[in-house]
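Down below is the structure, laid out as structure tokens.
Just so you know, ligand 1 is whichever comes first in the structure, and atom 1 is the first atom listed for that ligand.
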Amino acid sequence: MEDKKEIKIAVYPGSFDPVTKGHLDILERASSMFDKVIIAVLKNNSKKSYMPTTDRVELIKQSIADIKGLNNVEVDSFDGLTIDYARKVGAKFLIRGLRAVSDFEYEMQLSQTNQAIAPEIGTVFLITKPKYNFISSGIVKELSFLGQDVSKFVPKSVVEYLEKKK
Ligand code: ADP
């Protein structure tokens, strides 16, 4: 009988409000490690989002269209628990990016909570490149509202979106 190898699917969950070059760097690296990566926008979480989910999804789609080699990446959105979504799509891995030590404590707690309720799903942490270390969606929005050019930090589609929103 033919040996069927299970395809390795990872979910990269987040608010992506909006997506930044830091997120895209993590996504590119995850895409080279897994057979399929689903970047999944969380619809409702405790953070109040600035942009509607559909816009956040659309901006990710536009930004990855310009990046070569991301053919194994899908963009989606979800509600509720990340592990329930991961189970639904058959993913055994979650991707999270780490910037500073300050991210670590929260991420460890989140990952261990997920481990406790879904032991079959593991979290893979990727450390951001130093040049993206300080970039957060929050800082980008603030800089943009204050008239600063944010094209170094976010993809072109996001720059244009934020310009229009002003
Ligand atoms: P959440 O609200 O779930 O923290 P975010 O959209 O802020 O969602 O971030 C999603 C993931 O991307 C998190 O794992 C976060 O640590 C990571 N991340 C955010 N900004 C960067 C960055 N500049 N470089 C690398 N990873 C990042």
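Ligand 1 has an N or O atom lying under 3.5 Å from an N or O atom of Tyr132, backbone or side chain. Considering backbone and side-chain N/O atoms, Gly97 comes within less than 3.5 Å of an N/O atom of ligand 1. Here's the thing with Arg96: one of its N/O atoms is less than 3.5 angstrom from an N/O atom of ligand 1. By the 3.5 Å distance cut-off applied to N or O atoms, Tyr12 is counted among the residues near ligand 1. Here's the thing with Ile135: one of its N/O atoms is less than 3.5 angstrom from an N/O atom of ligand 1. Checked by distance only, ligand 1 and Gly14 stay at 3.5 Å or farther apart across all their nitrogen or oxygen atoms. On a distance-only criterion, Ser15 and ligand 1 share at least one N/O pair closer than 3.5 Å. Residue contacts with ligand 1: Asn133 is placed with no nitrogen or oxygen under 3.5 Å of a nitrogen or oxygen of the ligand (distance criterion only).
When atom types are taken as modelled, the side chain of Arg99 and the backbone of Tyr132 share no donor-acceptor pair closer than 3.5 angstrom. Side-chain atoms of Asn72 come within 3.5 Å of backbone N or O of Ser31 as a donor-acceptor pair. Using modelled atom types, one side-chain atom of Arg56 and one backbone atom of Met51 make a donor-acceptor pair closer than 3.5 Å.
Salt-bridge check for Asp17 with Lys141: passed, with a basic side-chain N closer than 4.0 Å to an acidic carboxylate O.
With 3.5 Å as the limit, one finds no donor-acceptor pair spanning the side chains of Ser111 and Arg96.
The closest approach between any non-hydrogen atom of Lys21 and ligand 1 is not below 4.0 Å. Within the 4.0 Å heavy-atom shell around ligand 1 one does not find Phe134.
Contact check for Phe153 versus Lys21: no side-chain heavy atoms found under the 4.5 Å cut-off. Side-chain contact between Pro155 and Leu24 is present, with at least one heavy-atom pair separated by less than 4.5 Å.
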With side chain to side chain contact (heavy atoms under 4.5 Å, CB included) as the criterion, how do Ile38 and Tyr12 come out once you've worked through the C-alpha distance, each side chain's angles and the decisive distance to 0.1 Å? CA-CA 6 Å; Ile38 305 172; Tyr12 179 24; over 6 Å; no
Run the numbers on Val41 and Ile60 for side chain to side chain contact (heavy atoms under 4.5 Å, CB included), then give the verdict. CA-CA 9 Å; Val41 176; Ile60 297 173; 3.6 Å; yes
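When heavy-atom distances to ligand 1 are checked against a 4.0 Å cut-off, Arg99 comes that close only through its side chain, counted from C-beta outward.
Within ligand 1, the atoms closer than 4.0 Å to a non-hydrogen atom of Gly22 are 22 (C), 23 (N), 24 (N), 25 (C), numbered from 1 in the order shown. Every atom of ligand 1 is numbered from 1 in the order shown, and the set under 4.0 Å from a heavy atom of Glu107 is 14 (O), 16 (O). Atoms of ligand 1 lying under 4.0 Å from any heavy atom of Phe16, numbered from 1 in the order shown and given with element: 6 (O).
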